[in-house]
Engineer: 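For reference, the structure I am asking about is given below.
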Amino acid sequence: MGDQKEVRELTDLPGVGPSTAQKMIEAGFASIEAVAVATPQELSQVTGIPLPTAQKIIQAAREALDIRFKTALELKKERLTIKKITTSSRNLDELLGGGIETRTITELFGEFGSGKTQICHQLSVNVQLPEESGGLNGKAVYIDTEGTFRWERIEQMARGAGLDPDEVMENIYWIRAVNSHHQMAIIDQLFDLLKRENIRLVIVDSVTSHFRAEFPGRENLAMRQQLLNKHLHQLMRLAEIYDVAVVITNQVMARPDVFYGDPTQAVGGHVLYHAPGVRVQLKKSRGNKRIARIVDAPHLPEGETVFVITEWGIRDPE
Ligand code: GTP
Ligand code: MG
């Protein structure tokens with residue numbers, strides 16, 4: 001950036017005075033990060049700023065956040081700094097190449113009761129562990145769209161991990177997303193929380209339920225997918241800019257009779273079908289056993305593994 005003024009506030013961006021900044025904040029572009037991921041069209045539309053000015057503002061925000069060409073070697077070095085959160089199952093960790101990755105979106109998809117929410121609870125606890133125990137010494141954000149978050153379960157899992165339950169619960173920020181619009185607005189606001197707090201994990205459980213309910217059927221598919229893509233894009237930027245792990249869940253029916261083709265092809269599709277990330281398919285097995293499988297991750301070997309859901313949380317089978 002040379003001797004240019006450092007960009008910290010909206011008003012540090014070129015062409016943004018206090019009144020423009022106010023308009024941007026009201027329209028949800030309250031941070032440099034939010035501006036950097038906006039399109040010139042939307043920024044111009046909601047604020048009345050001319051399009052070329054909006055382009056300049058966004059460009060400056062991106063430069064401030066170091067969104068630019070990188071060399072392959074830089075990419076390699078960045079890859080090596082990706083951290084991992086343990087799932088408390090060695091099997092599952094191995095399948096994931098060491099655990100749930102930061103700067104990545106991991107999609108857990110599977111039928112009801114397959115363990116998606118349980119893994120999310122476990123990760124909210126485990127992210128708090130010290131690094132040598134498979135954690136990141138950080139806090140978690142839990143965006144709950146179905147009302148299935150249980151602090152009682154966190155308490156149990158914290159005990160299972162040998163941590164102080166109250167302390168663990170204090171480090172999990174829970175919010176109920178009441179509809180898809182709210183769900184997306186929460187992510188916009190998160191940019192601010194992540195700047196202030198040492199949050200290393202963001203969970204959206206489930207990422208799809210509101211979108212499915214609000215945009216049902218084939219006739220709404222295009223709209224639903226468009227909004228979901230926008231939401232995923234938000235989450236991807238969040239993961240990258242703040243070096244956090246993002247975990248999303250997606251309920252799919254395991255009923256091969258209701259659709260054709262590959263039975264692992266989720267009904268409604270994997271959310272991450274067109275986005276980079278790790279997709280983990282979960283299936284029920286006998287009793288408390290669950291099967292996990294990685295679906296087309298370029299850097300992970302194919303294969304499946306078994307874990308169990310116990311009173312104390314996710315574990316390896318005996
Ligand atoms: P949907 O959200 O309905 O799509 O399912 P999900 O994939 O999120 O399932 P979830 O993670 O909620 O798994 C539910 C299963 O976890 C239950 O059927 C139980 O087998 C297990 N489980 C949940 N709570 C406990 C608990 O307190 N103790 C034990 N031992 N198992 C539990
Ligand atoms: Mg669930």
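Start at 1 and go down the list; that is how both ligands and their atoms are numbered.
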Engineer: Minimum heavy-atom separation for L10 to I25, with atom names?
Structural biologist: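 Shortest heavy-atom separation between L10 and I25 comes out as CD1-CG1, 3.6 Å.
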Engineer: Heavy atoms, side chains only, cut-off 4.5 Å: are F109 and V280 in contact?
Structural biologist: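 Side-chain contact under 4.5 Å: no.
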Engineer: To check your reading of the model: name the closest protein heavy atom to atom 14 (C) of ligand 1, its residue, and the distance in Å.
Structural biologist: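 Ranking protein heavy atoms by distance from atom 14 (C) of ligand 1, first comes G113 CA, 4.0 Å.
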Engineer: Looking only at distance, does G110 have an N or O less than 3.5 Å from an N or O of ligand 1?
Structural biologist: no
Engineer: In plain terms, say whether E78 and K70 are close enough for a salt bridge, that is, a side-chain N and a carboxylate O under 4.0 Å apart.
Structural biologist: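 Result for this pair is yes, salt bridge flagged.
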Engineer: Parallel, tilted or perpendicular: which describes the rings of Y142 and H121, with under 30° parallel and over 60° perpendicular?
Structural biologist: perpendicular
Engineer: Who's the nearest protein heavy-atom neighbour of atom 3 (O) of ligand 1, and how far?
Structural biologist: F112 CB, 3.4 Å
Engineer: Among protein heavy atoms, which sits nearest to atom 11 (O) of ligand 1, and what does the distance come to when rounded to 0.1 Å?
Structural biologist: Q118 N, 2.8 Å
Engineer: Give a yes-or-no answer on whether the side chains of E26 and Q22 include a donor-acceptor pair shorter than 3.5 Å.
Structural biologist: yes
Engineer: Take every heavy atom of H121, measure it against each atom of ligand 1, and state whether any distance is under 4.0 Å.
Structural biologist: no
Engineer: Among R153, E152, R290, which residue places a heavy atom closest to atom 26 (C) of ligand 1?
Structural biologist: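 The nearest heavy atom belongs to R153.
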Engineer: With heavy-atom distances below 4.0 Å as the criterion, list the atoms of ligand 1 near G115.
Structural biologist: 6 (P), 7 (O), 9 (O), 10 (P), 11 (O), 13 (O)
Engineer: Is there a donor-acceptor contact under 3.5 Å from the side chain of R62 to the main chain of A36?
Structural biologist: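 Looks like yes, one N/O pair under 3.5 Å.
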Engineer: One thing to verify: whether E197 and K139 come together as a salt bridge, which I'm taking to mean a side-chain N less than 4.0 angstrom from a carboxylate O.
Structural biologist: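 Result for this pair is yes, salt bridge flagged.
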Engineer: Looking at Q251, which atoms of ligand 1 are within less than 4.0 Å of one of its heavy atoms?
Structural biologist: 1 (P), 3 (O), 4 (O)
Engineer: Are side-chain heavy atoms of P165 and I154 found at a separation under 4.5 Å?
Structural biologist: no
Engineer: Strictly below 4.0 Å, N to O, side chains only: are E42 and K230 in salt-bridge contact?
Structural biologist: yes
Engineer: How far is atom 4 (O) of ligand 1 from its nearest protein heavy atom, and which residue and atom is that?
Structural biologist: K116 NZ, 2.7 Å
Engineer: Check ligand 1 against E111 and write out every atom of the ligand that is under 4.0 Å from a heavy-atom position of the residue.
Structural biologist: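 Once the distances to E111 are compared, the set is 7 (O).
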Engineer: Would you list the protein N, O or S atoms within less than 2.8 Å of the Mg ion (ligand 2), leaving out water?
Structural biologist: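 Less than 2.8 Å away from the Mg ion (ligand 2) sit T117 OG1.
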Engineer: Only heavy atoms of T117, strictly under 4.0 Å: list the atoms of ligand 1 that pass.
Structural biologist: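 Those atoms are 2 (O), 6 (P), 8 (O), 11 (O), 12 (O).
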Engineer: Using a 4.5 Å cut-off on heavy atoms from C-beta on, say whether the side chain of I119 contacts that of I314.
Structural biologist: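 Heavy-atom side-chain distance check passes, below 4.5 Å.
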Engineer: How far is atom 31 (N) of ligand 1 from its nearest protein heavy atom, and which residue and atom is that?
Structural biologist: I309 CG2, 3.8 Å
Engineer: Would T87 and D93 count as having a side-chain donor-acceptor pair, cut-off 3.5 Å?
Structural biologist: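 Result is yes, a qualifying pair exists.
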Engineer: Looking at ligand 1, does T148 have a heavy atom less than 4.0 Å from it?
Structural biologist: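 So T148 does not count as touching ligand 1.
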Engineer: Is the shortest distance from a Lys or Arg side-chain nitrogen in R200 or D243 to a carboxylate oxygen in the other one below 4.0 Å?
Structural biologist: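 Looking at D243 together with R200, the answer is yes, because their closest N to O distance falls below 4.0 Å.
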Engineer: Taking E74 first and then K77, would you say they form a salt bridge - that is, a charged N and a carboxylate O separated by under 4.0 Å?
Structural biologist: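 No.
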Engineer: Which is it for Q156 and ligand 1 at heavy atoms under 4.0 Å: side chain, backbone, both or neither?
Structural biologist: side chain
